[in-house]
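Since the model is a prediction, treat every value here as computed from it, not as a measurement. The figures that follow rest on heavy atoms only: side chains count, while hydrogens, waters and symmetry mates do not.
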Amino acid sequence: MDVPIRLLTLALLVLPPLFLAIALLGNRLLLGPAALLVAIYVWIWLWFRPTRFCVQSRVLEIVWPLRRREIPRDDITTVRLLDKRQLRQEVGRAMRVGAGGLGGGFGWLWTQKRGVVRMYISRTDGFVWIERRADRPWLITPERPEAFVRALSS
């Protein structure tokens, strides 16, 4: 995670203990929201936030704590690095549909120019755009974007 997303994540992680502390000091109505936030945070961490992207000989494997997905490499037509300006040119205006703020942005990105894009980002730079033959494009931020693009392009 880069600094802005790390700061947002830390701020969001303060909310459940804050709600719990207020609930223990007398406002029991905040126990429900605290429990709900914890459940949502766990769900995001285990289901939405990828732990790694693995480039293998025939597939790109995306690994989450509770699931895996493979994209055949022959289904990938192009892979390239984008900065913020290039991303804006590629997609136009965009709106996230899914989880956002806690560790990054995950799910779908509705875009003005490209329609729905699969998005799994944990930084605001080093974007990797993956164009596919048979499905929606993906926007991800692997740990080492340049090396990832080289590996997936070879």
Using side-chain hydrogen bond (donor to acceptor under 3.5 Å, both in side chains) as the criterion, list what pairs up with Glu131, not counting sequence neighbours.
->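 Only Arg114, Trp129 meet the side-chain hydrogen bond (donor to acceptor under 3.5 Å, both in side chains) criterion with Glu131.
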
Is there a path of hydrophobic side-chain contacts, each under 4.5 Å between heavy atoms of I, L, V, M, F, W or Y residues, that connects [X] with [Y]?
X	Y	answer
Val3	Phe127	no
Val97	Trp43	no
Leu18	Tyr41	yes
Ile140	Val149	yes
Leu81	Leu109	no

Output yes when a side-chain donor or acceptor of [X] lies under 3.5 Å from a complementary backbone atom of [Y], and no otherwise.
X	Y	value
Thr51	Val63	yes
Arg69	Ile71	no
Arg58	Asp74	no
Thr77	Arg133	no
Arg73	Leu152	yes
Arg49	Ile44	no
Asp2	Thr124	yes

If you take all heavy atoms of [X] and [Y], which pair is closest and at what distance?
X	Y	answer
Trp108	Met119	O-CE, 4.3 Å
Phe106	Ile121	CE2-O, 3.4 Å
Arg67	Trp47	NH2-O, 2.8 Å
Leu20	Leu31	CD1-CD2, 3.7 Å
Glu61	Gln56	OE1-NE2, 2.9 Å
Trp110	Val116	CD1-CG2, 4.3 Å

Phe48/Trp64 under ring pair (Phe, Tyr, Trp, His ring centres under 6.0 Å): CA gap, chis, key distance, verdict | CA-CA 7 Å; Phe48 280 101; Trp64 293 265; 9.1 Å; no

Nearest-0.5 Å distance, CD of residue Glu143 to CZ of residue Arg123 =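 Rounded to the nearest 0.5 Å, the CD-CZ separation comes to 8.5 Å.
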
Find out whether [X] and [Y] are in side-chain contact, i.e. whether some heavy atom of one side chain is under 4.5 Å from a heavy atom of the other.
X	Y	result
Glu90	Pro137	no
Leu25	Ile22	no
Thr141	Tyr120	no

Decide if atom CZ of Arg93 counts as having more than 12 heavy atoms of other residues, nucleotides or ligands within a radius under 6.0 Å.
->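 For Arg93, atom CZ is not crowded (no more than 12 foreign heavy atoms under 6.0 Å).
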
For the side chain to side chain contact (heavy atoms under 4.5 Å, CB included) test, which of Thr9, Ile40, Leu8, Ile5 pairs with Leu102?
->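 So the option named by the test is Thr9.
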
Member of Ile130, Leu60, Val55 meeting the side chain to side chain contact (heavy atoms under 4.5 Å, CB included) criterion with Val79 =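 Among Ile130, Leu60, Val55, the one that satisfies the side chain to side chain contact (heavy atoms under 4.5 Å, CB included) with Val79 is Ile130.
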
